[in-house]
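Here's the structure we're looking at; comments come further down.
Side chains are part of it too, since the values below use all heavy atoms of this structure and drop only hydrogens, waters and symmetry mates.
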Protein chains: 2
Amino acid sequence: MSEAHLKKDTRPVYVISVAATLVAAHPRTLRIYEDEGLICPARTPTNIRLYSDEDIRRITWIRHLTRERGVNLAGIRLLFELEERLGARILEALYAEGTRDRAAKQAAAAAVPTTEGAGADPDDR
Amino acid sequence: MSEAHLKKDTRPVYVISVAATLVAAHPRTLRIYEDEGLICPARTPTNIRLYSDEDIRRITWIRHLTRERGVNLAGIRLLFELEERLGARILEALYAEGTRDRAAKQAAAAAVPTTEGAGADPDDR
DNA sequence: ACCTTCTTGACAACACCATTGTCAGGGTTC
DNA sequence: GAACCCTGACAATGGTGTTGTCAAGAAGGT
């Protein structure tokens with residue numbers, strides 16, 4: 001195993017237009033998430049945003065919670081705060097938990113975020 | 001010690017107008033919380049809502065999260081869901097947690113719900 | 001009996017939020 | 001030089017939270 005393997009998910013690679021396409025959102029929306037403190041993408045030395053796979057996963061969670069569950073950004077901020085305080089991925093307890101046979105049905109029916117991209121308008125120009 | 005001591009907090013005692021006064025909300029609001037599945041007050045044999053002290057505490061949390069933190073009802077539903085799944089009072093981790101000296105300052109400055117009543121319009125007629 | 005408070009259901013107003021979209025002026029990358 | 005990024009602002013649209021009211025009926029206390 002190579003030593004660059006463990007940090008692969010946190011390596012900043014996507015510019016905002018690519019990231020927006022990956023999560024099926026408007027670039028404007030991603031900037032708003034950042035203004036709200038929900039994400040913190042890396043920057044190039046010349047101030048260009050670069051999103052990592054972990055950023056994408058986080059955004060996918062935000063999208064899922066807002067669109068599928070109707071949670072607003074304040075609620076998501078609190079969720080993330082709780083995850084930090086507790087040092088656990090409490091959100092994953094909602095799906096794929098160990099509640100016997102109900103777990104599989106739950107996870108399948110609830111459209112768990114899987115970082116899949118869709119076709120949308122690419123940019124804000 | 002009497003045997004009715006342990007369940008005192010869950011004993012239904014307040015009708016909706018009293019409960020609304022206790023949490024400084026409109027009776028209408030409490031019915032909405034119930035429609036949304038956030039609370040489930042007991043009923044008399046003749047269908048009158050009766051709120052326990054634990055119900056009041058729960059509502060006080062809802063009020064705090066919506067007004068002070070801007071969380072919407074969908075977010076609160078998810079929070080309560082998580083508490084059930086994890087079997088822990090994760091919300092209390094936000095305040096009065098054991099993070100050394102910061103705990104006291106946090107708890108004091110954040111207006112922790114304490115079930116205190118204020119003067120408000122009593123009824124919806 | 002009377003009057004108050006409770007019930008459900010509906011409708012509405014008001015303010016706020018999430019998301020997308022656009023425009024401007026300027027920097028970066030290829 | 002064209003296409004993309006930056007910040008900041010403004011706006012439209014649709015949705016939500018809360019309070020408030022109206023109606024018709026049941027329950028409770030004095």
Separation of atom [atom1] in [X] from atom [atom2] in [N], rounded to whole Å:
X	N	atom1	atom2	value
A:Glu68	C:dT19	CD	P	12 Å
B:Arg43	D:dA26	CZ	C1'	13 Å
A:Leu65	C:dC17	CG	C1'	16 Å
B:Arg63	D:dG17	CZ	P	12 Å
A:Ile59	C:dT19	CD1	P	12 Å
A:Leu50	D:dC4	CG	C1'	13 Å
A:Arg67	C:dA18	CZ	P	13 Å
B:Glu34	D:dG17	CD	P	17 Å

Considering only heavy atoms, which members of residues 69-78 of chain B lie under 4.0 Å from some atom of DNA chain C?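 Correct list: empty, so none.
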Nucleotide nearest [X] (side chain, heavy atoms from C-beta), chosen from [options]:
X	options	answer
B:His26	D:dT18, D:dG20, C:dT19	D:dG20
B:Arg31	D:dT18, C:dT7, C:dT22	C:dT7
A:Arg28	D:dC10, D:dC6, D:dC4	D:dC10
B:Ile16	C:dT19, D:dC6, C:dC6	C:dC6

For the residue pair [X] and [Y], establish whether any side-chain heavy-atom pair is separated by less than 4.5 Å.
X	Y	value
B:Leu82	A:Leu82	no
A:Tyr14	A:Asp55	no
A:Val71	B:Val71	no
A:Arg57	A:Asp9	yes
A:Tyr51	A:Ile59	yes

Answer yes or no: is there a donor N or O on one side and an acceptor on the other, between the side chain of A:Arg69 and the main chain of B:Leu78, under 3.5 Å?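 Absent.
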What N/O pairs connect the protein and nucleotides 28-30 of chain C at under 3.5 Å? Give each pair on its own line.
unit_1: C:dT28; atom_1: O3'; unit_2: A:Thr46; atom_2: OG1; d: 3.2
unit_1: C:dT29; atom_1: OP1; unit_2: A:Thr46; atom_2: OG1; d: 2.9

I'd like to check the side-chain hydrogen bond (donor to acceptor under 3.5 Å, both in side chains) partners of A:Arg67; sequence neighbours left out, ordered by chain and number.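 Result, side-chain hydrogen bond (donor to acceptor under 3.5 Å, both in side chains) vs A:Arg67: none returned.
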Map A:Arg49 and B:Tyr33 onto DNA chain D by nearest heavy atom, then report which one ends up closer to the 5' terminus.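 Closer to the 5' end of DNA chain D: A:Arg49.
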Here's a test for you: under side-chain contact (heavy atoms from CB on, under 4.5 Å), which of B:Val13, B:Val18, B:Val15 qualifies with B:Leu50?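 So the option named by the test is B:Val15.
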Is B:Arg58 close enough and on-axis enough to B:Tyr33, meaning under 6.0 Å and within 45°, for cation-pi?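 Judged by the rule (NZ or CZ under 6.0 Å from the ring centre, within 45° of its axis), B:Arg58 is not positioned above B:Tyr33.
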